[in-house]
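A short worksheet on the structure shown next.
Here is the naming used below: chain letters follow the sequence lines, and residue numbers restart at 1 for every chain.
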Protein chains: 2
Amino acid sequence: MQADVLAVLQRRGAPMSAYEVLDQLRDGNPRLAPPTIYRALAALIERGRVHRLESLKAFVACRGEEHRHAPIFSICEECGTVEEAVSKSITNELLRITGQSGFAPARHVIEVHGQCARCESKEAPA
Amino acid sequence: MQADVLAVLQRRGAPMSAYEVLDQLRDGNPRLAPPTIYRALAALIERGRVHRLESLKAFVACRGEEHRHAPIFSICEECGTVEEAVSKSITNELLRITGQSGFAPARHVIEVHGQCARCESKEAPA
DNA sequence: AGATTTGATGTTATAATATAACTTATCTCG
DNA sequence: CGAGATAAGTTATATTATAACATCAAATCT
């Protein structure tokens, strides 16, 4: 099941809601129910193969080579394209800032909304 | 309505779900419905007086002096305490990284989950 | 082999979060 | 007053997520 869910997300290459994934997989298995999908997603996230985009309530296959990192997502509000990046310096800086009060970070959510290059150029065509 | 919602969030001083806010305000106004709350929250967020904690599906009154900044939240997974911080360097670094592909950032979500100093010391008492 | 545990999945129901769509009241400005 | 603009009320429903319990098949033990 995890493999099926991951395959769907990878084929799409863009964020999908859990129910979109569910609909895809129902084609071959009409009795599939939400808990199955959510369980597969939870396991995939645990393994670092899928990320949840909190601000979109959606899921996306991990594109980083190195799983289990702290990804930074750029989300185009125009076309929905999502890019995934990693930055050691941001991770360190976050650690420094949040750690000032003795806070011990375990997990990060970093999501940047805006416009991708393509959409920007379309909107303001010189 | 915005004032009422903000007051509730400020009194609590911690994240609340929209429905918790709703319940509070229903004491004085039993016919209150979700859309009213969500509209007030949307307006308050627009004005920078309230933030949505995406990874908690919850809302919190802004504690920064300067509204309309890009806040960083430390969220203790033990006691639920939330701290709000701002960092110019992180904002700049995010801009640098996401901007490499021509992306134009408009809004950030930065949420760090972990343990606050208090809870950490409780758990590992020397 | 038979018993047993384990882990994943199936199944049913419902909880929690959020919004659409339409109505009504209020304000303000000409 | 009347037209237009805002905010709020109202009803219904959409979307996202999980609880709780049942089933099944493989792995392990005796």
| message | Just N and O in the side chain of B:K57: are any of them under 4.0 Å from OP1 or OP2 of D:dA17? | response | yes
I want to check one thing: is the phosphate of C:dT19, taken as OP1 and OP2, less than 4.0 Å away from some side-chain N or O of B:Y38? no
- Query: Should B:R52 and B:E54 count as an ion pair when the cut-off is N to O under 4.0 Å?
  - Reply: yes
B/S/- along nucleotides 5-10 of chain C (protein heavy atoms under 4.0 Å) is ----BB
Nucleotide [N], atom [atom2] - distance to [atom1] of [X] in whole Å:
X	N	atom1	atom2	result
B:M16	C:dA16	CE	C1'	15 Å
A:R52	C:dT17	CZ	C1'	11 Å
B:I45	C:dT17	CD1	C1'	13 Å

*Crowded around A:Q2 CD? As in, over 12 foreign heavy atoms under 6.0 Å?*
yes
Evaluate whether atom CD of B:E93 has more than 12 neighbouring non-hydrogen atoms of other residues, nucleotides or ligands under 6.0 angstrom away. yes
Has the side chain of B:Y19 got a donor or acceptor that lies under 3.5 Å from a partner of the other kind on the base of C:dA18? yes
Per side chain to side chain contact (heavy atoms under 4.5 Å, CB included), B:P15 is matched among B:I75, B:L9, B:L56 by B:L56
task = Evaluate the side chain to side chain contact (heavy atoms under 4.5 Å, CB included) criterion for residues B:V60 and B:F73: first the C-alpha distance (whole Å), next the side-chain angles of each, then the deciding distance (0.1 Å), finally the verdict.
result = CA-CA 11 Å; B:V60 70; B:F73 293 102; 4.2 Å; yes
Between A:E120 and B:A104, the two heavy atoms sitting closest are OE2-CB, 3.4 Å
